[in-house]
Amino acid sequence: MSEQPKDPAPISDRYEPAAVEERWYPIWEQRGYFKADPTSAKKPYCIVIPPPNVTGSLHIGHGLNDTLQDVMVRMKRMDGFNTLWQPGTDHAGIATQVVVERQLAAEGKRKEDLGREAFVQRVWQWKEESGGTIIRQLKRLGASCDWSRLRFTMDEGLSRAVREVFVRLWDEKLIYRDDYIVNWCPRCGTVLSDLEVDREERDAEFVYIKYGPLTLGTVRPETKVGDTGLAVHPKDKRYKKYVGKTLDIPSVDGTVSVRVVADEAVDPKFGTGVIKVTPGHDPTDFEIGRRHNLPVRTVIGFDGRMTEAAGKYAGMDRFEARKKIVEDMQALGLIDHIEPYRHAVGLCYRCKTVVEPLVSKQWYVNVKPLAQEAIKAVRSGKIKIIPRGWTKTYYHWMENIRPWPISRQLWWGHQIPAWYCERDGSIHVSRTDLTSCPDCGGPVRRDPDVLDTWFSSGLWPFSTLGWPDDTPELHTFYPTSLLVTSFDIIFFWVARMAMFGLYVMKAVPFRDVYIHALVRDAEGQKMSKSKGNVVDPLELMTKYGTDAFRFTLVALAAQGRDIRLSDERVEGYRNFANKLWNAARLVLSNLDGYDAGAARKATPDLAARWITSRLQATTAVVRRHLTAYRFNDAAAAIYQFLWGEFCDWYLEIAKLDLYRRDEPARRLATQHALVTTLECTLRLLHPFMPFITEEIWQRLPHDGESIMIAPYPKLVRARVDATAETQMGVVMGVVTAIRNIRGEMRVAPGVTLAAAVKPPDAASAALVQDHAALIQSLARATVSVDQAATRPRNSALGVVGGLEVYVALEGIVDLTAERQRLEKEIKRAEDAIAFGRAKLARPEFAERAPAEIVDKEREKVAQQEALREKLVASLAWVG
RNA sequence: GGGCGGAUAGCUCAGUUGGGAGAGCGCAGCCCUUACAAGGCUGAUGUCGCAGGUUCGAGCCCUGCUCCGCCCACCA
């Protein structure tokens with residue numbers, strides 16, 4: 001504690017966060033505290049940020065996600081680690097493209113009007129305009145990212161990484177093209193992976209159609225014109241005779257021929273046990289079709305309209321066609337009957353358009369072999385998922401993984417590095433752009449599709465560190481230490497990173513994965529723009545301060561449970577910040593004459609030893625919980641210590657010494673305890689509340705230039721003082737007993753009471769005697785101590801452990817209330833005695849329970865009996 | 001159809017190896033006591049979802065059930 005406080009400006013009695021937050025962040029950043037050093041010999045600690053959409057803005061989910069990361073990073077940085085919090089943003093292919101398309105629409109234009117190059121240029125322009133928003137907001141949140149290393153999934157280096165991985169996978173035959181049935185969004189005009197399809201229950205009609213001699217049900221009658229077969233279960237006796245036959249069936253467009261096949265996929269118990277097979281427009285049917293060589297007929301096009309193959313329905317919207325075809329069949333008597341039916345339909349996750357299964361040629365990654373490694377990494381513990389429950393979800397998905405369609409029919413993104421020879425159609429995948437066919441020198445055409453945005457974010461943990469170049473960053477920080485993310489992108493992102501990391505780097509991308517919950521509104525509803533219940537984190541930060549906002553999220557971040565966020569919660573923690581502020585004010589305004597050097601030699605009194613010891617306990621608890629990612633428990637421990645112990649007890653006690661000038665040694669010792677405890681508590685709290693802690697810390701005597709780079713508190717065993725805690729417990733107990741009586745007896749606060757304490761032994765007599773002044777001040781009661789004390793007339797009784805406290809009430813209040821109070825306490829004691837005796841009376845308990853438990857029970861009963869005796873005697877006396 | 005989570009004070013939720021349940025907010029009473037009324041002191045409130053089981057002992061472990069929520073899944 002070498003530095004003296006800079007002469008403190010007058011401090012407001014309310015903490016005003018805005019100015020403080022604006023002041024410190026730029027200083028931290030300018031001084032380079034956020035910067036990682038890839039050449040440092042210190043132990044590395046690295047987190048890569050889940051890259052937010054580059055054109056997005058901070059929502060409450062980021063608030064939680066990034067606060068938790070910042071807590072860990074700040075803690076580790078203070079703990080002496082070489083920390084890197086790697087920041088960056090994602091190009092978010094479809095999401096961003098849709099936004100710009102909407103902008104164009106407002107101008108009455110479509111992207112086709114601009115052409116690909118101009119459109120992509122326009123998106124880049126939008127990225128330049130809006131790309132800084134979320135970064136500024138992250139800074140506002142206090143995020144201590146190394147901004148000098150900001151990356152973007154489409155910047156030069158990362159694009160190289162994408163291409164390199166693509167080429168490698170292609171060379172190893174893990175990337176391939178296939179004609180397969182895909183999820184197609186007719187509105188976005190692109191293929192979607194299974195993950196990008198949302199399911200929603202909808203009411204529909206289950207239409208039973210007559211197929212010659214057979215009848216079957218469908219919810220998609222419009223696909224009838226694409227039918228190329230019928231299927232039944234192989235063991236279904238009802239239909240055995242039709243299997244293998246080709247039936248000529250009267251239909252809406254004349255007679256059609258369909259073959260009947262037997263396939264396990266058919267559930268004989270559902271509907272009539274017969275299904276129509278439309279390989280072109282249903283995933284199950286596609287598979288059946290492949291198994292039985294049924295042709296694919298595409299009757300719905302990429303625009304969601306019926307194709308020429310749909311005959312007289314050609315050009316019609318698919319849902320119109322559904323209605324029309326039912327009408328037509330009804331007219332022809334082909335409909336048996338119609339039932340109402342509720343089922344799940346697939347919707348595009350971006351625009352909620354009903355997805356159309358279509359056959360088309362797409363690029364795929366065969367992720368199965370990669371998934372095997374990713375499963376092993378978790379099973380072997382190389383990757384630890386916290387909370388544990390998510391591992392099962394992870395395994396389930398990984399074990400049932402299917403080929404990943406990676407091509408998207410968009411313009412914004414990493415264009416697939418594949419070229420087709422115009423002469424022979426041969427495919428050439430290349431690290432560098434091709435202008436001619438490498439085989440024949442003929443002209444080439446580049447594949448127009450781009451990659452799924454998750455392809456590039458899947459490379460994030462190593463691409464941001466410089467891969468494919470061999471960089472010191474990779475050597476120092478890969479594998480990264482921790483990934484903090486939300487459960488909804490476990491498959492999209494975490495799984496892909498695990499697979500790619502292991503494939504490319506031959507090492508896990510991260511050691512711990514902490515998966516946090518969703519932030520909901522006060523009613524527990526998921527926040528959504530359409531519901532209008534979105535809480536803006538910026539507003540909360542402005543209203544209550546960033547520290548309060550951060551602390552709220554951390555305090556509510558219990559594992560495995562969603563967070564319900566409300567203004568009241570944040571307000572509560574704003575009050576906590578204010579409490580800390582005022583505690584600091586008290587300390588700072590009483591530091592005159594403080595000399596750290598001299599103070600170190602002063603002898604701490606009981607209260608000082610107590611608060612010091614409590615701080616050690618708190619430090620240990622906070623560290624333990626942070627290590628286990630039990631953020632809420634860590635926050636609660638600090639909250640409780642700072643408010644419930646430091647402010648409520650120690651500051652009140654300290655005032656007694658601070659306000660009297662006649663004992664400078666005591667005053668100095670107390671000043672020292674205040675300064676050291678507060679200073680250390682601030683460091684403990686800093687990762688949670690970075691701004692206010694820095695502001696106060698700078699005004700306190702401290703070592704170093706910023707709390708951000710000061711050491712994180714460690715448990716110092718020498719400062720743990722069990723005796724002080726026990727003794728202080730007695731003193732506090734006496735104070736509480738007197739206050740108790742005062743409160744319940746409705747004694748006016750101005751009245752000074754007289755309390756006589758009867759201790760059980762000389763040691764406690766001395767203890768109470770030594771702290772009589774303290775008790776007197778905290779409880780507003782004069783204290784006399786006498787082992788042989790007898791109860792004064794008209795007094796109330798309090799019992800603290802073995803001590804009895806008599807509070808004289810003669811002339812203050814009558815004793816009716818005391819009678820009631822005693823009766824209540826007697827009842828309480830008697831209940832406890834009855835319970836304990838019953839327990840002890842059971843032979844099983846006495847014989848089977850551990851001796852220490854039985855002893856404890858006996859002791860408890862004895863204690864309660866003694867208490868009861870005292871209370872009863874007292875009651876008789878009062879009566 | 002599978003899987004996961006939740007059900008604890010009026011509300012929101014903690015409760016980590018099983019030993020007679022806690023916090024915050026809210027509520028009631030008293031207090032503007034020179035850090036803080038965004039505060040202090042005191043107080044009240046719980047068949048820990050239901051039914052069984054294991055155990056000397058269960059909010060916690062096991063089984064079944066009810067009600068909520070979520071995720072996965074090609075029953076048309």
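Just so it is clear: chains get the letters A, B, ... in the order the sequence lines come, proteins before strands, and each one is counted from 1.
- Closest to the A:Asp633 side chain, of the nucleotides B:G69, B:A14, B:G57, is B:A14.
- Of all nucleotides listed (B:G20, B:C72, B:U16), B:G20 comes nearest to the side chain of A:Lys839.
- Residue A:Arg842 is classed as a sugar-phosphate contact, given heavy-atom separations below 4.0 Å to backbone atoms only.
- Ring-centre distance between A:Tyr208 and A:Tyr341: not below the 6.0 Å cut-off.
- B:G24 and B:C41 have their P atoms separated by 11 Å, with the value rounded to a whole Å.
- Within the 4.0 angstrom heavy-atom criterion, only backbone atoms of the sugar-phosphate kind lie near A:Tyr341; the bases stay farther away.
- At a cut-off of 3.5 angstrom, the base of B:A14 holds no donor-acceptor pair with the side chain of A:Gln559.
- The listed nucleotides are B:A76, B:C70, B:A44; the one nearest the side chain of A:Lys824 is B:A44.
- Ionic pairing of A:Arg342 and A:Asp203 is present here: one or more N-O contacts between side-chain nitrogen and carboxylate oxygen are shorter than 4.0 angstrom.
- Rounded to the nearest 0.5 angstrom, A:Tyr573 OH and A:Leu580 CG are separated by 14.5 Å.
- Side-chain contact, A:Tyr659 with A:Asn590: no donor N or O sits under 3.5 Å from an acceptor N or O.
- The strand RNA chain B forms stems, runs of 3 or more Watson-Crick or G-U wobble pairs with distances below 3.5 Å, at B:1-7 with B:66-72, B:10-13 with B:22-25, B:27-31 with B:39-43, B:49-53 with B:61-65.
- Of the listed nucleotides (B:U16, B:A76, B:A35), B:A35 has the atom at the smallest distance from the side chain of A:Arg585.
- Residue contacts for A:Pro843: at a heavy-atom cut-off of 4.0 Å it reaches no nucleic acid atom on any strand shown.
- At B:G43, one or more side-chain N or O atoms of A:Asn740 fall inside 4.0 Å of OP1 or OP2 (strictly under the cut-off).
- When heavy atoms are screened at a 4.0 angstrom cut-off, A:His625 is found touching base atoms of the nucleic acid.
- In the set B:C31, B:C72, B:G19, the nucleotide with an atom closest to the side chain of A:Pro850 is B:G19.
- At the heavy-atom level, A:Ala832 lies under 4.0 Å from base atoms of the strands shown.
- Using a 4.0 Å heavy-atom distance criterion, A:Leu651 is classed as a base contact.
- The pair A:Lys824-A:Glu744 meets the salt-bridge criterion, with a side-chain N (NZ, NE, NH1 or NH2) lying under 4.0 Å from an Asp/Glu carboxylate O.
- Nucleotides B:G18 and B:U45 place their C1' atoms 27 Å apart, quoted to the nearest Å.
- Rounded to whole Å, the C1' atom of B:G46 lies 15 Å from the corresponding atom of B:A14.
- The side chain of A:Arg630 has B:U16 as its nearest neighbour among B:U16, B:C36, B:A76.
- In this entry the distance linking CZ of A:Arg746 with C1' of B:G29 reads 5 Å, nearest Å.
- Whole-Å rounding puts the A:Gln640 CD to B:G22 C1' distance at 11 Å.
- A donor-acceptor pair shorter than 3.5 Å can be found between the side chains of A:His292 and A:Asp263.
- Using atom C1' as the reference point in both B:C11 and B:C31, the two lie 27 Å apart (nearest Å).
- Considering A:Phe487, A:Phe631, A:Trp390 as possible partners of A:Tyr514, the one that fulfils the ring pair (Phe, Tyr, Trp, His ring centres under 6.0 Å) test is A:Phe631.
- Rounded to whole Å, the C1' atom of B:G40 lies 12 Å from the corresponding atom of B:A35.
- On the C1' atoms, B:G59 is 31 Å away from B:C72, given to the nearest whole Å.
- Using a 4.0 Å heavy-atom criterion, one finds that A:Asp567 contacts no nucleic acid atom at all.
- Atom OH in A:Tyr544 sits roughly 19 Å away from atom P in B:G24 (whole-Å rounding).
- Distances from the side chain of A:Trp643 to the nucleotides B:G39, B:C70, B:U42 place B:G39 closest.
- A salt bridge is defined here as a Lys NZ or Arg NE, NH1 or NH2 lying under 4.0 Å from an Asp or Glu carboxylate O, and A:Glu222 with A:Lys224 fails to meet this definition.
- Residue-level contact check: A:Arg828 touches the backbone only, with heavy atoms under 4.0 Å from sugar-phosphate atoms and none from bases.
- Residue A:Arg564 places none of its side-chain N or O atoms closer than 4.0 Å to OP1 or OP2 of B:G6.
- Of the candidates B:A35, B:G43, B:A38, B:G43 carries the atom nearest the A:Glu744 side chain, counting heavy atoms from C-beta on.
- In the model, A:Asp194 has a side-chain atom that pairs as donor or acceptor with a side-chain atom of A:Asn183 under 3.5 Å.
- Atom pair A:Lys579:NZ and B:A35:P shows a separation of 11 Å (rounding to whole Å applied).
- Of the candidate nucleotides B:U42, B:C74, B:C36, B:C74 has the atom nearest to the side chain of A:Thr284.
- Residues A:Asp336 and A:Thr215 bring no donor and acceptor atom of their side chains to less than 3.5 Å of each other.
- Of the charged side-chain nitrogens involved, at least one lies within less than 4.0 Å of a carboxylate oxygen, so that A:Arg220 and A:Glu356 count as a salt-bridged pair.
- Between the P atoms of B:C60 and B:A21, the separation comes to 13 Å (whole Å).
- For A:Glu652, counting side-chain heavy atoms from C-beta on, the closest listed nucleotide (B:C72, B:A35, B:G15) is B:A35.
- A:Asp648 places its CG atom 13 Å from the P atom of B:A23, with the value rounded to the nearest Å.
- The interatomic distance linking A:Asn582 (CG) with B:C36 (C1') rounds to 3 Å, in whole Å.
- Residues A:Ser193 and A:Glu196 bring a donor and an acceptor atom of their side chains to less than 3.5 Å of each other.
- Comparing the P positions of B:A23 and B:U42 gives a spacing of 12 Å, expressed to the nearest Å.
- With hydrogens and angles ignored, a donor-acceptor pair under 3.5 angstrom links the side chain of A:Lys655 to the base of B:A35.
- Counting any heavy atom pair closer than 4.0 Å across all strands shown, A:Arg14 reaches a base atom.
- One interatomic measurement links the two molecules: CZ of A:Phe576 to P of B:C25, which rounds to 12 Å at whole-angstrom precision.
- Comparing A:Phe835 and A:Ala849, the nucleotide of RNA chain B nearest to each residue sits closer to the 5' end for A:Phe835.
- Each of A:Tyr573 and A:Val587 has a nearest nucleotide on RNA chain B; the 5'-most of these lies closest to A:Tyr573.
- Backbone-only contact: A:Thr218 has heavy atoms under 4.0 Å from sugar-phosphate atoms and none from a base.
- No hydrogens or angles were tested; on distance alone, a donor-acceptor pair under 3.5 Å links the side chain of A:Arg569 to the base of B:U12.
- Between A:Phe491 atom CZ and B:A73 atom C1' the separation is 12 Å, expressed in whole Å.
- Dashed line: the shortest gap from a side-chain N or O of A:Lys860 to OP1 or OP2 of B:G20 is under 4.0 Å.
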